[in-house]
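This report refers to the structure that appears directly beneath it.
Read the numbers this way: they start at 1 and go in the same order the structure lists the ligands and their atoms.
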Amino acid sequence: VYESGQNRNISLDDVFISVKTTKHYQYTRLPIILKTWFQLAKEQIWFFTDIENRQHQNQTNGHMVNTNCSASHQRKHLCCKMSVEYDRFLESGKKWFCHFDDDNYVNVPRLVAVLQSYNHQEDWYLGRTSIYEPVKIYKKPTSSLLFSFWFATGGAGFCISRSLALKMLPVASGGRFISICEGIRLPDDVSMGFIIEHLMKKNLTLVPEFHSHLEQMKLLPPETFRDQISFSYSKMKDEWNVVNVPGFDTRYDPTRFLSLHCFLFPHFKFCPR
Ligand code: UDP
Ligand code: MN
């Protein structure tokens, strides 16, 4: 499935992992990440939030970035965070930019292993779609189709090679990403697809190992967990959409991420032995 094995020399330290978060989730979602997969990539993971929190700043060795974007779920403010994530990646000099949400669990070794199959010096946009046809943009009065494009679901995570990120620089850097979002009036992940597929003319490469809560998490077989890059969870009314994994009591671990972490990395301190 992947490109033939050139450039297998990349390591975790070549990856810039950004996690979009907010003050609303600082005491619910963030602590779960800090306890689990953050521990596997402390130097590479950066959180993009909208508040100062001294304790979290200490726990992450200063890896909480206050974007000064507003704390809301509105398009403009989510695009604001993505814009800061992208700009910080450019400054970092790393070879890969990988974005995730704060309701993702990232299987860090698998992420790195998959990236090793692609060349960061080529243009790559890796992720997973959640819709069955591309986004279509129509011309106003006549309703004729102007163009269409695919995008990687932000809530499943996606990665962009440095080569591609640099090509996007004139249209997306220094906050210009926000203007694009506002111009087409689409969410941050859709805007990313617009920039890459429509403006850059580079296609999304489907990597089905990324997962968002738009899928049914319980359908993922445990024997494949090790091969997956990301997982997610959501709660609708009283229904949890979570990974089906043995482990801790659901009252203690409703998201199942602690159990998933122990399933993958049983030697962690908090895991039962
Ligand atoms: N988020 C944010 N500000 C908000 C609400 C959400 O930055 O006011 C972030 C949140 O931390 C997460 C992403 O946006 O990384 C998606 O949020 P959520 O999972 O609540 O909504 P979804 O879009 O998945 O339904
Ligand atoms: Mn979500």
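- Taking the side chain to side chain contact (heavy atoms under 4.5 Å, CB included) definition, one finds that Ser148 meets it with Pro134, Lys136, sequence neighbours left out.
- Screening Asp189, Asp102, Asp188 against Lys20 for a salt bridge (charged side-chain N to carboxylate O under 4.0 Å, His left out) leaves a single residue, Asp188.
- When heavy-atom distances to ligand 1 are checked against 4.0 Å, the residues falling inside are Lys20, Thr21, Thr22, His24, Tyr25, Arg29, Ala71, Ser72, His73, Leu78, Lys81, Asp101, Asp102, Asp103, His213, ordered by chain and number.
- A distance-only check finds a donor-acceptor pair linking the side chain of Asp253 to the backbone of Ser259 [under 3.5 Å].
- Counting non-hydrogen atoms of other residues, nucleotides and ligands closer than 6.0 Å to NZ of Lys201 gives a total above 12.
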Throw together a table of side-chain donor-acceptor distances under 3.5 angstrom for residues 163-172, partners on residues two or more places apart or in other chains.
unit_1	atom_1	unit_2	atom_2	d
Ser163	OG	Gln121	O	3.4
Ser163	OG	Asp123	OD1	2.5
Lys167	NZ	Asp123	OD1	3.2
Lys167	NZ	Asp123	OD2	2.6

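- Remark: aromatic rings of His99 and Phe158 are close, center separation under 6.0 Å.
- A salt bridge links Asp103 to Arg29: at least one charged side-chain nitrogen sits closer than 4.0 Å to a carboxylate oxygen.
- Each protein N, O or S atom less than 2.8 Å from the Mn ion (ligand 2) was counted, giving 2.
- With respect to the salt-bridge test (charged N to carboxylate O, under 4.0 angstrom), the residues Asp14 and Arg162 do not qualify.
- Glu182 and Arg75 are joined by a salt bridge, as a carboxylate oxygen and a charged side-chain nitrogen come within less than 4.0 angstrom of each other.
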